[in-house]
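Some notes on the structure that comes next.
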There are 2 protein chains.
Amino acid sequence: MDSLEKRKYEELARISKAMAHATRLYIIHKLDEQEYCVKELTELIGVDISTISKHLSILKNAGIIIDEKRGNCVYYKLQCRCVLSMFSCLINVIDSNKDKMNVL
Amino acid sequence: MDSLEKRKYEELARISKAMAHATRLYIIHKLDEQEYCVKELTELIGVDISTISKHLSILKNAGIIIDEKRGNCVYYKLQCRCVLSMFSCLINVIDSNKDKMNVL
DNA sequence: ACCCTATTTGGCGATTTGACCAAATAGGCA
DNA sequence: TGCCTATTTGGTCAAATCGCCAAATAGGGT
């Protein structure tokens, strides 16, 4: 793997890592339905608000979500719905394993 | 997030984490082209063979790749090409960010 | 200006991850 | 059987991740 290729895969991994957490996947899923502010997400998820804030900043930093301040709150939404294809990919993997199991 | 939903997202995250590493993404990419044994992948990538073996076991454990012993070697291949849609997802995210930048 | 709510930031301890080395294991083949 | 190559496993260490708490910051509204 030459250094150019290495950089490419590290960049892909950077985005991929940002999604690789149950809470962050859940946030992405909820933000697909509608936008939410930090406090609302905190109530939906039930962990400390500082934890949610950090998850959001990881997603934002990876360019997966964007924020917008309105009134007293910071609202988050998906930067691009394309991330949702991630879910079908993950579900496909899980399903293709179930299939494998059944065959045996 | 009720406990059923929590389990669901943890399961998705389990697969997602397995892919969230530059070397493992690279392995997936190479295994899409053809199957390889551990030693060959080690030479392609250039880290310790035990490191590659562990990466492979993570991918195998997540049901992303499968192995097959033939002769002296263990060959690995994709369990299902569906994981490749992950790459387009990641690239889409990166591109949608570039677009955003250009607009500004 | 002051209070109050929302959010972010810094720091801490616990856990996980990733890379290497060395040693164990597996199996083919002379 | 004994050797040799390929692979896996266990141990160690450094670095990254995660969740909480406490404190800092931001900004609206009275």
Side-chain angles (χ1 to χ4, degrees), chain A residues 1 3 6-7 9-28 30-31 34-77, chain B residues 1 3 6-7 9-28 30-31 34-77:
Chain A
M1 190 159 42
S3 82
K6 193 169 174 214
R7 213 174 322 143
Y9 282 91
E10 272 162 5
E11 178 64 7
L12 293 173
R14 199 176 63 79
I15 313 293
S16 171
K17 277 179 212 277
M19 293 193 251
H21 189 284
T23 301
R24 295 198 291 268
L25 287 174
Y26 183 73
I27 289 173
I28 290 171
K30 293 311 276 182
L31 293 183
Q34 61 171 92
E35 47 174 51
Y36 284 101
C37 70
V38 185
K39 186 162 190 292
E40 287 167 337
L41 287 171
T42 300
E43 283 155 8
L44 279 172
I45 295 169
V47 297
D48 195 89
I49 194 169
S50 70
T51 302
I52 298 298
S53 176
K54 278 171 187 171
H55 281 311
L56 289 167
S57 97
I58 289 168
L59 289 170
K60 178 179 161 187
N61 220 287
I64 294 168
I65 61 177
I66 54 185
D67 62 340
E68 187 185 335
K69 180 141 203 171
R70 276 202 319 274
N72 223 4
C73 307
V74 178
Y75 288 89
Y76 283 90
K77 63 182 170 188
Chain B
M1 189 156 47
S3 83
K6 193 169 175 213
R7 213 174 321 141
Y9 282 92
E10 272 162 6
E11 178 63 8
L12 293 172
R14 198 176 64 79
I15 313 294
S16 170
K17 278 178 211 276
M19 293 193 253
H21 189 284
T23 300
R24 295 197 291 268
L25 287 173
Y26 184 72
I27 288 173
I28 291 171
K30 292 312 276 183
L31 292 184
Q34 60 170 90
E35 48 174 50
Y36 285 101
C37 69
V38 185
K39 186 162 190 294
E40 287 167 337
L41 286 171
T42 300
E43 282 156 7
L44 279 172
I45 296 170
V47 298
D48 195 89
I49 195 170
S50 68
T51 302
I52 297 297
S53 176
K54 280 172 187 169
H55 281 312
L56 289 167
S57 96
I58 289 168
L59 289 171
K60 178 181 163 187
N61 220 286
I64 294 167
I65 61 177
I66 54 186
D67 62 340
E68 187 185 337
K69 179 141 203 170
R70 276 204 317 278
N72 222 4
C73 306
V74 179
Y75 287 90
Y76 283 90
K77 63 181 170 190

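We name chains A, B, ... by the order of the sequence lines, and we start the count at 1 in each one.
For S50(B), the side-chain atoms get nearest to dA22(C) when compared with the rest of dA22(C), dG27(D), dG27(C). With dC20(C), dG19(D), dA6(C) as the choices, the nucleotide that has an atom nearest any side-chain atom of H55(A) turns out to be dG19(D). The nucleotide whose nearest atom lies closest to any side-chain atom of D48(B) is, among dG18(C), dC20(C), dT7(D), dC20(C). Considering only side-chain atoms of V38(A), the nucleotide from dT7(C), dC20(D), dT7(D) that sits closest is dT7(C). The side chain of H21(B) sits closest to dA19(C) out of dA19(C), dC20(D), dT7(C).
We find that OH of Y36(A) is positioned 18 Å from C1' of dA6(C), with the value rounded to whole Å. One atom, CD1 of I49(A), and another, C1' of dA24(D), lie 15 Å apart when rounded to the nearest Å. Atom CD1 of I52(B) and atom C1' of dT8(D) are 14 Å apart (whole Å). Separating the CD atom of E40(B) from the P atom of dT5(D) is a distance of 17 Å, rounded to the nearest angstrom. Rounded to whole Å, atom P of dA6(D) lies 15 Å from atom OH of Y76(B). Between R14(B) atom CZ and dT17(C) atom P the separation is 12 Å, expressed in whole Å. Atom C1' of nucleotide dT8(D) and atom OH of Y75(B) are separated by 17 Å, given to the nearest angstrom. Rounded to whole Å, the distance from CG on L59(B) to P on dT7(D) is 16 Å.
I66(A) pairs in a side chain to side chain contact (heavy atoms under 4.5 Å, CB included) with only one of the listed residues (E35(A), K60(A), K77(A)), which is K77(A). Checked against Y75(A) for a side chain to side chain contact (heavy atoms under 4.5 Å, CB included), the options K69(A), E40(A), Q34(A) give a single hit: E40(A).
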CA sep, side-chain torsions, deciding dist, call: K39(B), E43(B), salt bridge (charged side-chain N to carboxylate O under 4.0 Å, His left out): CA-CA 6 Å; K39(B) 186 162 190 294; E43(B) 282 156 7; 2.9 Å; yes
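For I15(B) against A62(B), the heavy-atom pair with the smallest separation is CD1-O, 3.5 Å.
Between the side chain of K54(A) and the base of dG10(C), a donor-acceptor pair under 3.5 Å is found.
Not one side-chain nitrogen or oxygen of R70(A) sits closer than 4.0 Å to the OP1 or OP2 atom of dG28(D). A sub-4.0 Å separation between OP1 or OP2 of dC20(C) and a side-chain N or O of T51(B) is present.
Ionic pairing of R7(A) and E10(A) is not present here: no N-O contact between side-chain nitrogen and carboxylate oxygen is shorter than 4.0 angstrom.
The residue among D67(B) and N72(A) whose nearest nucleotide of DNA chain D lies closer to the 5′ end is D67(B).
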